[in-house]
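Presented below is the structure to which this report refers.
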Amino acid sequence: MAKEELRQNDNANEQGWKAKLNVPPPDHRIRTSDVTNTKGNEFEDFCLKRDLLMGIFEKGWEKPSPIQEASIPIALTGRDILARAKNGTGKTGAYAIPCLEKVDASKDLVQALIIVPTRELALQTSQICIELSKHIGCRCMVTTGGTNLKDDILRLTEPVHVIIATPGRILDLMNKNLVKIQNCGTLILDEADKLLSQDFKGMLDSIIGHLPKDRQIMLYSATFPLTVEAFMRKHLKNPYEINLMEELTLKGVTQYYAFVQEKQKVHCLNTLFSKLQINQSIIFCNSTQRVELLAKKITELGYSCYYIHAKMNQQHRNRVFHDFRKGLCRNLVCSDLFTRGIDIQAVNVVINFDFPKHSETYLHRIGRSGRYGHLGVAINLITYDDRFALHKIEQELGTEIKPIPKTIDPSLYVAEAQQVDPEAEEEYYRQQQNQQQQRTNNNHQQQAPRGQPTHQQQTVA
C-alpha cells in the first residue's frame with residue numbers, strides 16, 4: 001500500500017513541477033508574426049534537462065520563437081550553425097539554451113565561449129545565461145575591456161563553465177595563459193557581422209586558434225555581409241543555415257519621417273516629447289560630441305535624460321546602462337554603440353535625431369523598439385541632405401518610411417492602448433487556480449502522519 005501511495009505521489013509531482021515555479025505573469029500584449037509564426041513546439045519538446053526548463057519558465061519564456069524553434073534542436077546535435085534572424089526575436093535564447101544544456105557542471109572546465117561586440121551586450125547576455133542556468137549549477141563569467149584584469153584573474157581561480165566576453169579581453173586572457181580553453185567545445189558569435197568587421201580584424205581567427213579542432217561554431221546575426229561568408233568557408237564545417245529574414249524590417253515597428261531644417265531639430269524633438277506617449281525612448285546621434293550636446297539640450301528642456309557613448313569611462317557606462325534598464329530615466333541619447341542587441345522591453349519609441357548613412361545601421365537602430373514582436377515606432381528627423389539616404393534605405397530594406405501624421409495612433413506603440421487577448425487572459429487565471437490547487441495538494445502530502453512515507457519534494461532554489 002505504501003509503495004502505491006509513493007508511486008501516486010511521484011506522478012502528482014511529475015505533473016505538478018511547473019506549479020511550484022516562481023513564474024512571472026504572462027505578457028498579453030499584441031505580438032507580431034516575427035515571434036508567433038512557429039510550428040507549435042514547446043520547450044519540453046527539445047528534451048532539455050528539467051532544471052534548465054525551470055530556469056526558462058521562471059525567466060517568463062512561455063514558448064519558443066521561430067529562431068529558437070529552428071536553432072535549438074540543430075545546436076544540440078553539435079553541428080555548426082549560420083543563423084540569420086531579425087533583431088529582438090529571441091536569438092540569445094536560441095544559442096544560450098542549447099549551450100547551457102550541453103554544459104557538464106561537474107567538470108571544472110570552460111566548455112563554452114560566447115563572443116559579443118560590445119560591453120553592454122556582454123553584461124546583458126551574461127545576465128540572461130545566469131538566470132537560465134540558476135538551477136543547473138553552471139557558473140557563467142563575463143569579461144570585457146575597461147574592467148580590472150585582476151578581478152578576472154581572481155574569478156578564474158574558481159570553476160567557470162561558460163565565458164561571455166568581448167574579443168579584445170578574452171584574447172588578452174588567452175595570450176597571457178590566464179584562461180584555458182583547450183577543452184572548450186562551443187564557440188558562439190553573437191552579432192557576427194560586427195565581430196567580423198574591420199573593428200575586430202583578425203581577432204576571431206586568433207581566438208579560434210586556441211580552441212580544439214572538434215569544436216562547434218555558431219554564428220547569429222540580423223545581417224550577413226561578405227566577410228561572414230569568407231569566415232564561414234575558412235572555419236565552419238558543413239554549417240546548417242537558418243534564414244528567417246524574408247523581409248528585413250520588423251513588422252511591429254511603424255516608421256515615420258519628419259522633414260526639418262538642422263536648426264529646427266531640437267524644437268521638433270520637444271514637440272515629439274509633448275505629443276507622444278513615451279514609455280522609454282532611445283535617441284540616436286551620429287557622433288559622440290552631438291550625443292553630449294543633445295543630452296544637455298534635452299535636460300535644459302526639462303526632460304529626464306541620460307547619454308552613453310564609447311568614449312565614456314566604463315564604470316560610468318555600466319551605471320547609465322543599468323539605470324536606464326531599471327527605468328530610472330525615460331530618455332537615452334546615444335551613438336551607434338547602443339545599436340547591437342540591447343534588449344530593453346520598455347522602449348517603445350526610437351528617434352533618429354541624426355539619420356544614418358547605411359541601411360544596416362538603420363535596421364539595428366530601429367530594432368531597439370518593438371522587441372520580441374511587440375509594437376513600437378521609429379521617427380526619423382530628415383534634413384535636405386538626408387533625402388537621398390532616406391530613399392536608398394527604403395529601397396535596400398524594401399520598406400516604407402511614411403511622413404509623420406499630426407497624431408500617431410497610440411495603439412501602434414502604447415501597450416495600454418492595445419487590445420488584450422481575452423482568451424489568453426482567461427487561460428492565465430485558469431493556470432493560476434490550477435497552480436494554487438497543486439500547492440495545496442503538495443502541502444497535504446508533506447503533512448502526512450509520522451511513519452507514513454512522504455515523497456521528497458524537489459526544492460526550487
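For reference, positions follow the sequence shown, starting with 1.
Between Gly93 and Gln68 the shortest heavy-atom distance is CA-NE2, 3.8 Å. Of all heavy-atom pairs between Ile208 and Leu187, the closest is CG1-CD2, 3.6 Å. Across all their heavy atoms, Val291 and Cys285 have their closest contact at CG2-CB, 3.8 Å.
The side-chain contact (heavy atoms from CB on, under 4.5 Å) test with Tyr257 is passed by exactly one of Ile404, Ile382, Ile379: Ile382. Between Gln216 and the options Lys237, Arg79, Lys102, a side-chain hydrogen bond (donor to acceptor under 3.5 Å, both in side chains) holds for only Lys102.
Counting only N and O atoms by type, the side chains of Asn270 and Tyr303 include a donor and acceptor under 3.5 Å apart. A donor and an acceptor atom, one from each side chain of Tyr220 and Ser71, are located under 3.5 Å apart. In summary, the side chains of Arg169 and Thr147 do present a donor paired with an acceptor at a separation below 3.5 Å, with no hydrogens or angles considered.
Contacts classified as salt bridge (charged side-chain N to carboxylate O under 4.0 Å, His left out) and involving residues 221-231 (residues at least two apart or in different chains) are given here: Glu229-Arg233. Counting only residues at least two apart or on different chains, no ring pair (Phe, Tyr, Trp, His ring centres under 6.0 Å) pair has a member in residues 41-93.
Ion pairing of Asp190 with Lys91 is absent here, as no side-chain N (NZ or NE/NH1/NH2) approaches a carboxylate O to less than 4.0 Å. Using a 4.0 Å cut-off between charged nitrogen and carboxylate oxygen, Glu131 and Lys134 do not count as a salt-bridge pair.
Enclosure of atom NZ in Lys357 is not indicated, since only 12 or fewer non-hydrogen atoms of other residues, nucleotides or ligands lie within 6.0 angstrom. Within a 6.0 Å radius of CD in Glu44, other residues, nucleotides and ligands contribute more than 12 heavy atoms. The environment of Glu300 atom CD is dense: over 12 non-hydrogen atoms of other residues, nucleotides or ligands sit within 6.0 angstrom. Within 6.0 Å of NZ in Lys296 there are 12 or fewer heavy atoms belonging to other residues, nucleotides or ligands.
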* To do: Kindly determine whether Arg139 and Glu158 satisfy salt bridge (Lys or Arg N to Asp or Glu O under 4.0 Å), including the steps that lead there.
  => CA-CA 9 Å; Arg139 307 293 292 273; Glu158 301 170 5; 3.6 Å; yes

* Asked: Stepwise, does the side chain to side chain contact (heavy atoms under 4.5 Å, CB included) test hold for Leu332 with Val320?
  -> CA-CA 9 Å; Leu332 178 71; Val320 169; 3.8 Å; yes

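Atoms CG and CG, from Asp51 and Leu132 in turn, are 13.0 Å apart once rounded to the nearest 0.5 Å. For the atom pair CD1 (Ile164) and CD1 (Ile114), the distance works out to 5.0 Å, reported to the nearest 0.5 Å.
Aromatic ring pairs are classed by plane angle as parallel below 30°, tilted from 30° to 60° and perpendicular above 60°; the pair Phe355 and Tyr362 is tilted.
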